[in-house]
**Student:** 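One structure, as structure tokens, below. Some questions next.
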Amino acid sequence: MTTSELRLAAHDLACLRGGRLVFEGLSFAVARGEALVLTGANGSGKSSLLRQIAGLLEIAHGTIALEGGDSERTIGEQVHYVGHLDALKPSMNVAETLRFWTEYLGGGRNEAAVAHALDAFALASLADLPVGYLSAGQRRRLSLARVLAVPRPLWLLDEPTVALDAANTARLLDLMNVHLVSGGLIVAATHLDLGLVPARMLRLGEEVAA
Amino acid sequence: MTRMTSLSATQRFHAYANPTRFMALSGVLLAPLWAVTLLLIGAGLWFALVASPPDYQQGDTVRIMYVHVPSAWLAMFGYSIMAVASAVALIFRHPLADLCAKSAAPIGASFTFLALVTGSLWGQPMWGTWWEWDARLTSVLILFFLYLGYIALWATIEEPTRAARAAAVLALVGAVNIPIIRYSVVWWNTLHQPASVFRMDGPTIAPSMLLPLMLMALGFTLFFVTLLLVRMRAEILRRRVRALRLAQAASGAEG
Amino acid sequence: MRRAFLALLLRDLRLAARLGGGGGMAVFFFLVVVAIVPLGIGPDKALLSLIAPGMLWVALLLAALLTLDRLFQADFEDGSLDLLSMGALPLELVAVAKALGHWLTTGLPLVVVAPVLGLLLNLPVASFPALLLAMLAGTPALSFLGAIGAALTVGVRRGGLLASLLVLPFYIPVLIFGVGAAEAASAGFEGDAGVQSLLFLGAVTLGSFVLGPVGAAAALRANLR
């Protein structure tokens with residue numbers, strides 16, 4: 001990965017959902033060490049934009065490129081996406097879950113990475129507990145933990161602080177800042193002031209306010 | 001699960017059914033129960049396989065009966081226990097009744113399966129067929145389905161109290177089948193032979209066969225009871241583990 | 001990529017073992033369907049043994065259909081499917097892993113209990129090997145073709161019923177050749193008819209290994225985006 005010039009660039013994007021034009025003419029770029037914070041009213045297309053970048057939603061018009069990334073792989077394989085759904089199975093335990101996603105998403109069988117990610121999200125003491133017993137905040141943290149377990153340059157976070165208490169929100173912000181400092185990219189949709197150092201704002205929903 | 005109203009009689013009733021007390025009591029009972037069970041089945045098997053004569057018509061195949069008949073009794077006994085426990089659970093909200101019904105189901109299903117399999121093995125040399133769709137066999141097969149449905153219902157509904165309620169209703173509705181099985185041989189006189197032990201005019205079975213049969217029946221019944229206690233203890237422990245895990249998740253919320 | 005494939009397959013097997021839902025329920029359903037046949041048409045043994053191969057196959061097909069909706073639906077509902085599409089494993093191979101897991105936890109148990117049900121329908125014991133062989137050769141196709149229907153209806157409410165309707169026509173070749181192979185054996189004649197059906201059955205299954213995952217992946221892409 002030639003991360004030196006890694007850059008996420010979107011040009012003239014449009015999004016259609018169920019025949020409704022959610023947004024159009026959207027262009028932006030995010031460079032290494034930068035965060036882009038998406039804001040806007042409900043239905044303004046924050047989640048849709050994140051899913052478009054992750055390759056989970058059709059791009060009605062325009063282009064999205066991860067410049068300087070691995071041209072052999074899709075953008076989806078080079079980004080982490082944490083959406084509203086947490087992709088957790090109640091009958092698997094916490095460590096198993098993270099181990100599976102680490103292996104599946106290309107992190108290999110890496111116990112150290114799993115342990116580190118669990119630790120970073122204060123889940124180490126719950127490692128043997130089936131996911132079905134977790135609270136909403138704990139589920140959220142487990143879902144987020146995979147972004148640490150498998151290194152990928154771009155994080156796409158959809159309302160990452162939902163269900164997190166103050167302490168864990170602070171923990172997440174720390175980890176996001178570390179990711180940025182070490183040259184990562186973040187696109188996050190949130191209403192909160194994340195306090196990220198190099199953050200730029202993109203307000204959705206005003207272009208097609210009609 | 002228990003209703004905290006002023007039903008003092010019910011509360012006293014519950015005190016005896018307290019899981020902790022049940023654990024202590026059943027813990028003491030288990031070892032002697034296992035011992036007597038093994039002794040009875042061991043003695044029964046010796047009489048059944050070695051010391052009793054072959055049947056003058058059936059030869060050695062008659063020995064299958066010593067497993068088949070007790071299994072078939074327990075198939076119905078198990079369902080009756082399940083049905084009674086379910087009724088108690090529904091009416092008195094007795095905390096152990098759910099556990100008892102849930103624990104009895106797989107054991108009863110296993111004995112039903114054993115009765116079906118041994119019956120099939122017996123039927124092949126006797127009737128020349130592995131399976132016959134006569135009233136007795138069909139109704140026992142339906143009993144097996146009822147057991148499986150009951151187990152599946154428990155496994156499918158995640159919320160334990162709701163699962164218990166639904167399963168209890170199912171068990172009671174299914175209880176209709178028990179008298180049908182009991183009297184199927186009388187009502188529809190088909191291939192399966194009628195009862196020969198419990199009859200108004202005394203048993204029609206030779207004493208040399210009756211002894212091992214009774215030993216096996218008693219041994220199997222105690223085996224059933226022992227397994228039931230083991231499973232109920234396991235179920236109580238499982239619920240404790242569940243409570244501990246919930247507590248663990250709650251304590252892990254911070255830091 | 002092989003590692004991701006194995007991880008996914010193992011996860012599915014583990015989930016199936018813990019929940020015990022799908023496969024066990026399918027076996028139970030298989031049993032019940034076979035058991036009501038004699039009650040419906042009467043316990044005439046000659047008749048039962050005549051229709052046994054066909055009834056077994058039909059019941060097996062229905063039991064397999066019953067479990068199809070869980071193939072992708074659970075992963076779709078909890079968001080796992082999104083993540084599964086973001087690994088190095090192409091969706092085609094995701095579909096292979098899911099279908100293989102489905103066969104191991106549903107198809108295989110159905111084949112294993114089939115002989116017991118054969119006894120209930122008075123199927124001659126001599127024809128059991130042929131029946132088992134035919135079912136082993138044919139049931140993977142049920143999982144792999146079924147994956148297409150499951151993928152098409154992912155995210156659809158009451159999708160299970162729709163998936164059954166969509167998939168049933170694709171199951172017909174399996175049914176025809178499966179019954180052909182079993183009947184040839186149960187009628188007692190050695191040789192060509194049975195072997196030919198068996199070969200066709202194998203061909204259908206091999207074809208489904210390609211058609212199933214490709215179709216399922218295309219359907220998933222259409223549904224996910």
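Computed over heavy atoms, backbone and side chain alike; hydrogens, waters and symmetry mates excluded.
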**Student:** Testing the basics here: between C:Leu15 and A:Ser91, what is the closest heavy-atom pair and its distance to 0.1 Å?
**Tutor:** CD2-OG, 3.3 Å
**Student:** Output yes when C:Arg18 and A:Glu96 qualify as a salt bridge under the 4.0 Å nitrogen-oxygen rule, no when they do not.
**Tutor:** yes
**Student:** Check this for me: C:Phe170, atom CZ, are more than 12 non-hydrogen atoms of other residues, nucleotides or ligands nearer than 6.0 Å?
**Tutor:** no
**Student:** Is chain C contacted by the side chain of A:Leu88, its backbone, both, or neither, given a heavy-atom distance below 4.5 Å?
**Tutor:** backbone
**Student:** Going by residue number, which parts of residues 73-82 of chain C are within reach of chain A, meaning a heavy-atom gap below 4.5 Å?
**Tutor:** C:Ala74, C:Asp75, C:Phe76, C:Glu77, C:Asp78, C:Gly79, C:Ser80, C:Asp82
**Student:** Measure from the side-chain N and O atoms of A:Tyr104 to the backbone N and O of C:Leu8, and report whether any donor-acceptor pair falls under 3.5 Å.
**Tutor:** no
**Student:** Is the number of heavy atoms from other residues, nucleotides or ligands within 6.0 Å of CZ (C:Phe29) greater than 12?
**Tutor:** yes
**Student:** Shortest non-hydrogen contact from C:Ala88 to A:Glu77?
**Tutor:** CA-OE1, 3.7 Å
**Student:** Select all residues of residues 52-60 of chain A having any heavy atom within less than 4.5 Å of some heavy atom of chain C, and report them by number, or 'none'.
**Tutor:** A:Ala54, A:Gly55, A:Leu56, A:Leu57, A:Glu58
**Student:** Is it the backbone or the side chain of C:Arg221 that comes under 4.5 Å from a heavy atom of chain A, or both, or neither?
**Tutor:** neither
**Student:** Which bit of A:Val79 is near chain C, if near means a heavy-atom gap under 4.5 Å: side chain, backbone, both or neither?
**Tutor:** both
**Student:** Can you say whether A:Arg99 sits under 4.5 Å from chain C via the side chain, the backbone, both, or neither, judging by heavy atoms?
**Tutor:** neither
**Student:** Are A:Arg146 and C:Leu83 close enough, and set up right, to give a side chain to side chain contact (heavy atoms under 4.5 Å, CB included), and what steps lead you there?
**Tutor:** CA-CA 11 Å; A:Arg146 67 170 181 267; C:Leu83 294 187; 3.2 Å; yes
**Student:** Are side-chain heavy atoms of A:Lys89 and C:Arg11 found at a separation under 4.5 Å?
**Tutor:** yes
**Student:** Which bit of C:Arg3 comes within less than 4.5 Å of chain A, counting heavy atoms only: side chain, backbone, both or neither?
**Tutor:** both
